[in-house]
Amino acid sequence: MTVSNGALSPSQPLKHGDWRDDLQEKGYVVLKNVISKERALYYHHNMLSWLDSFDNGFDIKDQSTWTEENLPWSFKNGMYLNYCVQHEKFMWEARQEKGVLDAFTKLWGTEELIASYDTVNITLPNAAKMGGVTPWPHVDQAPERHGMHCVQGFLNLSESGPKDGGLVVMEGSAPLFEKFFTEFPPDRTKGPLAALHYDFYPFEDKDLKWYEAHGCKIVKVCAEPGDLVLWDSRQMHYAVYPETDLIRTVIYTCFTPSAWISEEDREKKKEIFQKWEGTTHWPHINIHSHGKHMIDGKLDPLERTEPLEKPEITDKLEKLAGLKPY
């Protein structure tokens, strides 16, 4: 793969003899034991303590309180996009784990990385009963972008077996990204896809059949606490709710080369960081805040103006956060 205009071109993929080959061919990879089981348990407990910190009737020790009205708002009953969770001390600790940074350093060929202000996923076993949704296969890269612009990831902190909550991918779909959209150009005249580089595309059943006819298959990604799961943003994917009684806990982690960010977007990241707010998984482009959660036009009373425990602002963090260049 070669670096070109903020992307890795797949035109002449190189063989590395390691997990990067699996990422190229399958579109995803599970890196084992990136952090220790002890560290995974540390993050798991921090996340549950964070969820338990809201004075709204929820008690992590009492399953009868695990109801939607007792929980802060979350996207699809698992992803918490607000409440300053993206900047809790444990979140920045996770982003700076050596194993996490080493993976993205190897992927992009540089230690000068910039992080997204991504969030957590805490999916309770009864999430589906709280208004579950059907699978929504999609990619998080606009069809107009060519090459690999972003690799998403999460630090897995709980067991994720075949029946546990977790990630589902269409294995092998990422390498077919450009072929699919050459045959089926997106309609940019209506709906959310009208924005030229809106980095999201939803698939229909007929699209899944096209990928399956080209040798792809649906795979539930299994992982253990301490594993790092990575997938190409061109990979078709979605999440599934637990069928077991295990709570799913992951911290989304995404990095790209710092050299790819413009000064304009760096200023946007500074403003968002100062407000302790979150962004999408894109570290260097698509820089916009999730803002504060509103209910019927009014600020959610559970919203926060700062993390419960702020991170230590070091030179390393400032560079990873995109607050200043390397």
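None of the values given here were measured: they were computed from a predicted structure.
- Using a 4.0 Å cut-off between charged nitrogen and carboxylate oxygen, Arg248 and Asp164 do not count as a salt-bridge pair.
- Cluster annotation: Trp66 and Tyr83 are assigned to the same hydrophobic cluster (Ile/Leu/Val/Met/Phe/Trp/Tyr, side-chain heavy-atom contacts under 4.5 Å, transitive).
- No donor-acceptor pair closer than 3.5 Å links the side chain of Gln152 to the backbone N or O of Asp140.
- Residues Trp260 and Trp108 place their aromatic rings such that the two centres sit under 6.0 Å apart.
- Aromatic rings from Trp231 and Phe154 are positioned such that their centres are separated by under 6.0 Å.
- The number of heavy atoms from other shown groups lying within 6.0 Å of CD (Glu69) is above 12.
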**OP:** May I have the step-by-step check of side chain to side chain donor-acceptor pair (under 3.5 Å) for His44 and Thr249, ending in yes or no?
**Re:** CA-CA 6 Å; His44 175 81; Thr249 52; 2.8 Å; yes

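- Taking a 6.0 Å sphere around CD of Glu25, one finds it holds more than 12 heavy atoms contributed by other residues, nucleotides or ligands.
- Counting heavy atoms from C-beta outward, His293 and Ile295 have side chains that approach closer than 4.5 Å.
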**OP:** Take Leu230 and Trp19 through the test side chain to side chain contact (heavy atoms under 4.5 Å, CB included) and record every step on the way to the result.
**Re:** CA-CA 10 Å; Leu230 302 176; Trp19 57 264; 3.9 Å; yes

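- Residues Val34 and Leu320 share a single hydrophobic cluster, defined by chaining ILVMFWY side chains whose heavy atoms lie under 4.5 Å apart.
- Counting only N and O atoms by type, the side chains of Ser289 and Glu277 include a donor and acceptor under 3.5 Å apart.
- Side-chain atoms of Arg266 come within 3.5 Å of backbone atoms of Gly322 as a donor-acceptor pair (strictly under, hydrogens ignored).
- Between Tyr80 and Phe75, the distance from one ring center to the other does not fall under 6.0 angstrom.
- For Arg304 (side chain) and Val85 (main-chain N/O), no donor-acceptor pair under 3.5 Å exists by modelled atom type.
- Salt-bridge formation is not detected for the pair Lys268/Glu271: no Lys NZ or Arg NE/NH1/NH2 atom is positioned less than 4.0 Å from an Asp or Glu carboxylate oxygen.
- Salt bridge annotation for Arg234-Asp232: present, with a cationic side-chain nitrogen under 4.0 angstrom from a carboxylate oxygen.
- Using a 30° and 60° split on the angle between ring planes, Tyr201 and Phe181 fall in the perpendicular class, above 60°.
- The main-chain N or O of Arg20 is found under 3.5 Å from a side-chain atom of Asp18 such that the two form a donor-acceptor pair.
- Trp282 has its side chain out of reach of Ile287: every pair of non-hydrogen atoms, C-beta onward, lies at least 4.5 Å apart.
- Within the 4.5 Å cutoff, side-chain heavy atoms of Ile218 are placed close to those of Val168.
- Ion pairing of Lys32 with Glu224 is present here, as a side-chain N (NZ or NE/NH1/NH2) and a carboxylate O approach within less than 4.0 Å.
- A salt bridge is defined here as a Lys NZ or Arg NE, NH1 or NH2 lying under 4.0 Å from an Asp or Glu carboxylate O, and Glu263 with Lys270 fails to meet this definition.
- Counting non-hydrogen atoms of other residues, nucleotides and ligands closer than 6.0 Å to CG of Asp62 gives a total above 12.
- Salt bridge annotation for Lys209-Glu212: absent, with no cationic side-chain nitrogen under 4.0 angstrom from a carboxylate oxygen.
- Following chains of ILVMFWY side-chain contacts shorter than 4.5 Å, one can reach Phe203 starting from Trp136, so the two form part of one hydrophobic cluster.
- If you chain together hydrophobic residues whose side chains sit under 4.5 Å apart, Leu308 and Phe58 fall into the same group.
- For the atom pair NZ of Lys37 and CG of Leu157, the computed distance is 11.0 Å after rounding to the nearest 0.5 Å.
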**OP:** For salt bridge (Lys or Arg N to Asp or Glu O under 4.0 Å), just list the numbers for Glu312 and Lys89, CA-CA rounded to whole Å, side-chain angles, deciding distance to a tenth of an Å, and then say yes or no.
**Re:** CA-CA 7 Å; Glu312 180 185 358; Lys89 181 174 181 289; over 6 Å; no

Original post:
Passes side chain to side chain contact (heavy atoms under 4.5 Å, CB included), Thr256 versus Leu113? Steps please.
Top reply: CA-CA 6 Å; Thr256 49; Leu113 300 170; over 6 Å; no

Original post:
Would Phe177 and His146 count as a side chain to side chain contact (heavy atoms under 4.5 Å, CB included) if you check the C-alpha gap in whole Å, the side-chain angles of each, and the deciding distance to 0.1 Å?
Top reply: CA-CA 9 Å; Phe177 182 82; His146 301 295; over 6 Å; no

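- In the model, Glu111 has no side-chain atom that pairs as donor or acceptor with a side-chain atom of Thr105 under 3.5 Å.
- When side chains are defined from C-beta on, Glu68 counts as touching Asn77, because their heavy atoms get closer than 4.5 Å.
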**OP:** Evaluate the salt bridge (Lys or Arg N to Asp or Glu O under 4.0 Å) criterion for residues Asp296 and Lys298: first the C-alpha distance (whole Å), next the side-chain angles of each, then the deciding distance (0.1 Å), finally the verdict.
**Re:** CA-CA 6 Å; Asp296 298 327; Lys298 298 181 180 179; over 6 Å; no

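- Counting heavy atoms from C-beta outward, Lys269 and Ile114 have side chains that approach closer than 4.5 Å.
- Using modelled atom types, one side-chain atom of Tyr117 and one backbone atom of Ala321 make a donor-acceptor pair closer than 3.5 Å.
- Annotation: His138 is in aromatic contact with Phe200 [ring centroid separation under 6.0 Å].
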Subject >> Audit row: Tyr241, Asn126, side chain to side chain donor-acceptor pair (under 3.5 Å) steps and yes/no >> reply: CA-CA 8 Å; Tyr241 291 126; Asn126 62 339; over 6 Å; no

**OP:** Could you go through the side chain to side chain donor-acceptor pair (under 3.5 Å) check for Tyr28 and Glu171 one step at a time?
**Re:** CA-CA 7 Å; Tyr28 78 102; Glu171 184 176 288; 3.0 Å; yes

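- The number of heavy-atom neighbours closer than 6.0 Å to NZ of Lys217, taken from other residues, nucleotides and ligands shown, is 12 or below.
- Checking Ser49 against Asp52 by side-chain atom types alone, no donor-acceptor pair falls below 3.5 Å.
- The aromatic rings of Trp50 and Phe54 sit perpendicular, their planes meeting at an angle over 60°, well past the 30° parallel limit.
- A salt bridge is defined here as a Lys NZ or Arg NE, NH1 or NH2 lying under 4.0 Å from an Asp or Glu carboxylate O, and Lys324 with Asp315 meets this definition.
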**OP:** For Arg145 and Asp199, run salt bridge (Lys or Arg N to Asp or Glu O under 4.0 Å): C-alpha distance rounded to whole Å, both residues' side-chain angles, the deciding distance at 0.1 Å, then the answer.
**Re:** CA-CA 9 Å; Arg145 296 193 196 276; Asp199 284 285; 2.8 Å; yes

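- Thr279 has its side chain out of reach of His290: every pair of non-hydrogen atoms, C-beta onward, lies at least 4.5 Å apart.
- A heavy-atom distance below 4.5 Å is found between the side chains of Leu107 and Leu23.
- One N or O on the side chain of Ser160 and one on the backbone of Gly165 form a donor-acceptor pair closer than 3.5 Å.
- Contact annotation: the side chain of Met236 approaches that of Leu208 to within less than 4.5 Å [non-hydrogen atoms, C-beta and beyond].
- The aromatic rings of Tyr43 and Phe90 lie tilted to each other, with the angle between the two planes from 30° to 60°.
- Proximity of a side-chain donor or acceptor of Lys220 to a complementary backbone N or O of Gly161 within less than 3.5 Å is detected.
- Trp210 and Phe184 have perpendicular rings, their planes meeting at more than 60° on a 0 to 90° scale where under 30° would count as parallel.
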Subject >> Working for side chain to side chain contact (heavy atoms under 4.5 Å, CB included), residues Leu71 and Leu124 >> reply: CA-CA 11 Å; Leu71 289 161; Leu124 300 174; 3.9 Å; yes

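- In terms of heavy-atom proximity, His214 sits nearest to Lys179 at NE2-CE, 3.5 Å.
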**OP:** In sequence, state the C-alpha distance, the side-chain angles, and the governing distance for Gln86 and Asp118, and then conclude on side chain to side chain donor-acceptor pair (under 3.5 Å).
**Re:** CA-CA 6 Å; Gln86 295 89 343; Asp118 221 325; over 6 Å; no

